[in-house]
Protein chains: 2
Amino acid sequence: MNLEQVAHRAKVSTATVSRVLNNASVVKTSTRARVIKAIEELKYHPNLHARTLAGGKSRTIGMIVSNMENPFFFDIYKTVESDAHAAGFEVVVANTDYRTEQLVSSIRLMIGRRVAGLAAVVSEMEPALIEELTDSNIPVVFYDVGAPRQNITNIRVNYRRGIDKVIDYLYSLGHRKLGFVGHHAMLGPINARVKPVLDAVASYPGLEVRTAADADTLEGGRLAARALLANGEQPTAIVCVNDIMAVGALRELREQGLRVPQDVSVTGFDNVKLSEFCYPALTTVHIPRDTIGHLICESLLAKSDKTAVADHEMVIDPEFVLRDSTGPAPGR
Amino acid sequence: MNLEQVAHRAKVSTATVSRVLNNASVVKTSTRARVIKAIEELKYHPNLHARTLAGGKSRTIGMIVSNMENPFFFDIYKTVESDAHAAGFEVVVANTDYRTEQLVSSIRLMIGRRVAGLAAVVSEMEPALIEELTDSNIPVVFYDVGAPRQNITNIRVNYRRGIDKVIDYLYSLGHRKLGFVGHHAMLGPINARVKPVLDAVASYPGLEVRTAADADTLEGGRLAARALLANGEQPTAIVCVNDIMAVGALRELREQGLRVPQDVSVTGFDNVKLSEFCYPALTTVHIPRDTIGHLICESLLAKSDKTAVADHEMVIDPEFVLRDSTGPAPGR
DNA sequence: GTGTGGGGTGATAGCGATTACATGACTCAT
DNA sequence: ATGAGTCATGTAATCGCTATCACCCCACAC
């Protein structure tokens with residue numbers, strides 16, 4: 001079923017059918033009606049591939065994320081999608097699972113699709129890939145990828161500010177031995193997340209930290225916490241790189257008969273919905289995923305419309321959220 | 001950057017470049033090397049739209065789900081994606097948020113994309129849409145959509161068997177007043193999920209059930225539980241349509257100072273990873289998302305390869321999972 | 001020497017849209 | 001009546017690729 005058949009049935013030219021399909025230029029009301037009738041009768045659905053090929057422009061934007069399983073990423077995606085839809089764009093997502101190989105093929109795929117814009121919300125990103133991307137001439141927005149770069153819009157969160165509030169709070173409660181639960185992908189944002197922790201820790205006298213890492217999942221958080229509790233002296237507080245892993249840690253502590261926060265305090269990061277529904281509710285740091293999503297979409301659409309929008313860097317400030325998973329260090 | 005430019009640079013015809021790209025027929029080693037060199041030098045990425053348009057076949061399969069936020073759907077998606085990748089296919093997902101309007105536009109979009117196959121893992125599905133889909137000649141697999149239909153492969157779960165085990169267990173523990181937490185989309189699978197509950201309840205003497213529904217989210221579960229506790233006699237057990245809502249219910253009970261399972265028992269459904277990480281860990285029913293995902297992909301790929309694969313119905317049996325959120329009815 | 005067959009490559013006709021550009025039919029002021 | 005200006009529509013080139021067919025060249029058998 002194609003344009004030509006519709007045109008034939010409506011006794012018009014393909015150009016006219018295209019016109020009514022795109023609401024472009026003027027078509028006589030009676031003609032339009034005939035065309036629409038033909039379209040419906042034939043159950044015609046325009047071929048998107050032919051469309052973008054002929055039109056030279058694609059109405060879809062691509063989004064690459066590290067781990068859709070983590071609601072942090074999903075929340076951003078959802079905002080982007082809703083904004084994109086409002087502007088008449090589709091969005092296709094790709095998951096990297098923190099694997100470079102997946103990232104590479106996802107990027108190639110997006111370039112192959114000639115997406116109107118690409119949002120990369122991933123931790124890992126090699127310079128060669130960035131180059132490949134910028135060469136492709138596709139508008140790109142990164143979230144939190146490594147150092148600032150020219151020709152790229154980068155949205156980042158001031159993790160240092162967030163983690164400072166956490167460490168400061170724990171310190172004031174008497175905690176001196178911290179455990180840090182991270183995940184294996186110790187690059188990009190994880191770096192952007194890990195380094196601030198180490199920096200913050202270093203600025204307090206007598207504060208120690210030990211790190212354990214695993215996958216960015218509930219199970220991973222549990223295993224990392226287990227590792228933390230197994231080797232060496234037990235920390236009085238466990239700081240987690242994100243809420244999901246913190247919930248995993250919570251589970252491990254419970255299993256080992258440790259009470260939170262009486263025996264061990266736990267903190268998360270992101271303020272994902274779940275952090276409020278787990279038990280005990282997590283003390284965490286709020287990262288405004290909706291703001292991030294809006295910024296991504298706005299920037300992408302602006303770039304794909306006009307040709308000259310300056311690339312820039314946007315920094316977002318996180319907020320401390322105090323809940324029930326933190327308390328005074330034991331014996332104090 | 002297109003085929004022609006690559007061909008020109010490698011001093012061959014476009015046909016030969018295409019041959020190299022597709023590993024089709026024989027190309028002299030030296031020629032292939034020249035072409036590959038040109039491709040790399042020009043940073044050429046084949047245009048996917050032109051490809052599928054010219055080739056007449058798309059290497060992507062579409063998947064429509066009701067609510068990606070619910071890990072139940074995500075788990076299925078993940079399996080499908082991984083199977084699809086293994087077979088050299090991409091998958092694009094669309095979210096309906098249980099809204100018919102979204103479903104319609106997603107289906108149209110998928111048809112427009114000329115996907116090689118479509119998996120519909122949604123609750124709502126009007127006959128007209130199903131017709132539109134079958135007319136489009138795209139291989140389709142449904143998960144749990146209404147009554148069995150011809151010309152459509154349908155994968156379904158024997159909810160009755162699952163819920164029977166739950167109700168039976170609660171009944172044996174002395175529970176007679178049940179609350180049921182569902183979600184607003186009371187169609188399709190929700191029907192497939194709700195009706196069995198009512199049927200099961202009806203088969204026990206003296207068993208009562210009251211229903212409350214809200215959104216399919218943590219928050220929704222909480223609100224539904226709140227409604228259940230507010231009106232009328234307090235149930236001794238709350239049966240939830242899925243784990244996510246159950247975790248929401250857990251939160252509400254805690255907030256109201258009710259202990260689980262001492263004061264109120266709670267059950268989930270799906271056996272999502274979270275059900276094991278929340279507190280208390282949920283008694284639930286396991287639905288094998290991986291099996292579902294495998295079946296979907298297998299069926300879709302089979303259909304898109306050969307032309308004559310019979311449509312059929314597959315029924316999956318769920319399993320009861322006993323954990324810590326259920327106990328004897330209070331005062332017994 | 002001539003026929004046969006196959007490996008390697010080029011020319012080119014689509015695929016299904018969009019989009020100049022051209023055209024034809026009217027209206028209307030001059 | 002005539003030329004200009006609109007409005008509505010048709011014609012056909014084009015997008016970037018795949019796939020068919022034709023072709024050339026050379027080895028090898030008879």
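Atoms considered below: every heavy atom in the structure, side chains included; atoms not considered: hydrogens, waters and symmetry mates. Reminder, nothing fancy here: chain letters follow the sequence lines and each chain counts from 1.
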Please give, in whole Å, the distance from [N] [atom2] to [X] [atom1]?
X	N	atom1	atom2	answer
E4(A)	dG14(C)	CD	C1'	11 Å
K28(B)	dC25(D)	NZ	P	13 Å
I111(A)	dG16(D)	CD1	P	16 Å
H8(A)	dG10(D)	NE2	C1'	15 Å
L3(B)	dT14(D)	CG	P	18 Å
N23(A)	dT18(C)	CG	P	12 Å
L53(A)	dT14(D)	CG	C1'	9 Å
L21(B)	dC17(D)	CG	C1'	9 Å

**Item:** Check: D97(A) side chain, R99(A) main-chain N or O, donor-acceptor pair, under 3.5 Å
**Value:**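 No; judged by distance alone, with no hydrogens or angles, the pair does not exist.
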**Prompt:** Any sub-3.5 Å donor-acceptor pair from K303(B)'s side-chain atoms to V140(B)'s backbone N or O?
**Reply:**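 It does hold such a pair.
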**Side chains of L133(A) and F142(A) in contact at under 4.5 Å (non-hydrogen atoms)** =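 A side-chain contact under 4.5 Å exists here.
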Can you see if the side chain of [X] gets near the phosphate of [N] - specifically, an N or O under 4.0 Å from OP1 or OP2?
X	N	result
K57(A)	dT19(C)	yes
K11(B)	dG10(C)	no
N47(A)	dG16(C)	no
T14(A)	dG16(C)	no
S18(B)	dC17(D)	no
N2(A)	dC15(C)	no

**Prompt:** Given that A24(B) and S25(A) both sit by DNA chain D, which one's nearest nucleotide is further toward the 5' end?
**Reply:**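 On the 5' side of the pair lies S25(A).
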**Item:** Along DNA chain D (nearest heavy atom to each residue), the more 5'-positioned of R51(B) and T29(A)
**Value:**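 Residue closer to the 5' terminus by nearest nucleotide: T29(A).
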**Prompt:** Between the base of dG16(C) and the side chain of R114(B), is there any donor-acceptor pair under 3.5 Å?
**Reply:**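 No, the side chain and the base share no sub-3.5 Å donor-acceptor pair.
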Between [options], which one does the side chain of [X] approach most closely?
X	options	value
A15(A)	dA20(C), dT18(D), dG10(C)	dA20(C)
R19(A)	dC17(D), dA20(C), dA17(C)	dA20(C)
V26(A)	dT9(C), dG16(C), dA8(D)	dA8(D)
V27(A)	dT9(D), dA17(C), dC17(D)	dT9(D)
T31(B)	dT11(D), dT9(C), dT18(D)	dT9(C)

**Prompt:** Quick check: are there more than 12 heavy atoms from other residues, nucleotides or ligands sitting under 6.0 Å from CD of E4(B)?
**Reply:**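 No, because the 6.0 Å sphere around CD of E4(B) holds 12 heavy atoms or fewer from other groups.
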**Asked** Say you draw a straight line from NZ of K28(A) to CZ of R19(A); how long is it, rounded to the nearest 0.5 Å?
**Response**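 The NZ atom of K28(A) sits 13.5 Å away from the CZ atom of R19(A).
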**Prompt:** Does T16(B) or A50(B) map to a spot on DNA chain C nearer the 5' end, using the closest nucleotide for each?
**Reply:**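 So the residue in question is T16(B).
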**Message:** Just to be sure I understand the rule, does G55(B) reach a base, reach only the sugar-phosphate, or reach nothing, if contact means heavy atoms closer than 4.0 Å?
**Reply:**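 Sugar-phosphate only.
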**Asked** So what does V12(B) touch, heavy atoms closer than 4.0 Å: a base, only the sugar-phosphate, or nothing?
**Response**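 Sugar-phosphate contact only.
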**Request:** Assign the ring pair F73(B) / Y98(B) to parallel, tilted or perpendicular, where the plane angle (0 to 90°) is split at 30° and 60°.
**Result:**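 F73(B) and Y98(B): perpendicular rings.
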